[in-house]
Visitor: 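Once you've had a glance at the structure underneath, I'll fire off some questions.
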Amino acid sequence: MPENSQQGPSFPQATLDLPVAQRIAKAVEHYGEAEVVARSISLMDGRYEGEEFLLYVGGEHAQGILNGAPVLYWPELWGLRALQHVWSDTAISPVLESLKNPAWRVREMGCRVIASRGLPAADELLALTADGTPRVRAAAARALGAVGNPDDLEGLRAFTKDPVLEVRRSAQQGIDALRSRFPSTR
């Protein structure tokens with residue numbers, strides 16, 4: 001790909017096509033872990049963190065935005081996704097807030113981060129049984145299986161009555177995960 005004048009002189013071009021985890025590792029090398037977390041949270045809050053940081057967290061898709069594609073919710077999503085690879089407890093509240101984001105992809109990613117980070121968010125996840133997007137409900141059910149406790153089993157069963165098959169399957173996966181984590185749970 002030809003050098004793009006919008007890419008800032010210090011962004012390593014070879015980084016653009018790396019998988020997310022490797023791009024975030026490169027960002028940590030460049031900025032430091034605390035700075036990557038802080039900038040990721042800032043993106044989640046809708047602030048701009050510069051072209052170079054967008055390229056680290058968004059890769060080739062960020063290049064598309066820098067070239068004029070619609071921004072939509074992508075930087076918020078990328079900031080959240082980065083937290084799967086770099087972390088500080090300062091991100092807990094912003095991650096929980098992401099479950100209220102108007103963009104369904106951001107809410108879905110919020111569920112994934114909650115599950116991967118083991119955040120205690122059962123009430124917030126249970127509230128998503130009423131989410132209008134099946135993928136969000138499915139992600140919430142899986143996340144609840146990862147972070148919930150036996151008291152959450154009944155709430156998780158509510159997802160098994162969902163009209164969408166994918167959500168019901170995810171609910172069963174969540175129930176199975178909860179039972180696996182707490183063998184005495186029925």
Visitor: Hey, quick one: are L18 and F53 part of the same hydrophobic cluster, counting side-chain heavy atoms closer than 4.5 Å, chains of contacts allowed?
Guide: no
Visitor: Would the distance check show the side chain of S88 and the main-chain N or O of T90 forming a donor-acceptor pair, the cut-off being under 3.5 Å?
Guide: yes
Visitor: Give a yes or no on whether the backbone of A34 and the side-chain of R39 come within a donor-acceptor separation of less than 3.5 Å.
Guide: no
Visitor: Is the backbone of F159 close enough, under 3.5 Å, to the side chain of D162 for a donor and an acceptor to pair up by distance?
Guide: no
Visitor: Please determine whether side chain to side chain donor-acceptor pair (under 3.5 Å) holds for the pair R142 and S170, giving the CA-CA distance in whole Å, both sets of side-chain angles, and the decisive distance to 0.1 Å.
Guide: CA-CA 6 Å; R142 287 189 303 273; S170 295; 2.6 Å; yes
Visitor: Roughly how far apart are L72 CG and L77 CG, rounded to 0.5 Å?
Guide: 11.0 Å
Visitor: Run the side chain to side chain donor-acceptor pair (under 3.5 Å) check on E35 and H30 step by step: do they pass?
Guide: CA-CA 10 Å; E35 183 73 15; H30 183 73; over 6 Å; no
Visitor: Could you go step by step and tell me if L54 and W78 meet the side-chain contact (heavy atoms from CB on, under 4.5 Å) rule?
Guide: CA-CA 8 Å; L54 280 180; W78 298 331; 4.1 Å; yes
Visitor: Specify the closest pair of heavy atoms between L83 and A91, including all atoms of both residues, with the distance to one decimal.
Guide: CD1-CB, 3.8 Å
Visitor: As a quick check of understanding, evaluate side-chain contact (heavy atoms from CB on, under 4.5 Å) for Y31 and E52, giving each step before the final call.
Guide: CA-CA 11 Å; Y31 297 106; E52 182 181 76; 2.6 Å; yes
Visitor: To the nearest 0.5 Å, how far apart are CG in D131 and CH2 in W104?
Guide: 10.5 Å
Visitor: Kindly compute the distance separating CG (D45) from CD (E97), expressed to the nearest 0.5 Å.
Guide: 9.0 Å
Visitor: Apply side-chain contact (heavy atoms from CB on, under 4.5 Å) to R168 and L165, showing your working.
Guide: CA-CA 5 Å; R168 294 193 307 267; L165 178 61; 3.5 Å; yes
Visitor: Roughly how far, to the nearest 0.5 Å, is CE of M44 from CD of E76?
Guide: 9.0 Å
Visitor: Taking all atoms of both residues into account, what is the closest heavy-atom pair of V167 and P134, and its distance?
Guide: CG2-O, 3.3 Å
Visitor: Looking at side-chain heavy atoms only, is the closest gap between W87 and V37 below 4.5 Å?
Guide: no
Visitor: Go through I114 and V147 one step at a time and tell me if the side-chain contact (heavy atoms from CB on, under 4.5 Å) criterion holds.
Guide: CA-CA 8 Å; I114 287 168; V147 302; 4.2 Å; yes
Visitor: Of all the heavy-atom pairs spanning P75 and I65, show the shortest one and how long it is.
Guide: CD-CD1, 4.4 Å
Visitor: Of all heavy-atom pairs between L156 and A141, which one has the smallest distance, and what is that distance?
Guide: CD1-O, 3.6 Å
Visitor: Would the number of heavy atoms belonging to other residues, nucleotides or ligands and lying under 6.0 Å from NE2 of H85 be above 12?
Guide: yes
Visitor: Is it true that, when you exclude R112 itself, more than 12 heavy atoms of the residues, nucleotides or ligands shown sit nearer than 6.0 Å to its CZ?
Guide: no
Visitor: Give, for atom CG of L80 and atom CD of E108, the distance between the pair rounded to the nearest 0.5 Å.
Guide: 10.5 Å
Visitor: Could you tell me whether a side-chain N or O of S180 sits under 3.5 Å from a main-chain N or O of D176, the two making a donor and an acceptor?
Guide: no
Visitor: Write down the atom of L99, the atom of R107, and the distance for their closest heavy-atom approach.
Guide: O-CD, 3.1 Å
Visitor: Would you call E166 and R169 a salt bridge, using N to O less than 4.0 angstrom?
Guide: no
Visitor: Measuring from E60:CD to T15:OG1, what's the distance to the nearest 0.5 Å?
Guide: 13.0 Å
Visitor: Cation-pi check for Y56 against R23: NZ or CZ below 6.0 Å from the six-membered ring centre and within 45 degrees of the axis, yes or no?
Guide: no
Visitor: What closest approach, in Å, do L128 and C111 show between heavy atoms, and which atom pair accounts for it?
Guide: CD1-SG, 3.6 Å
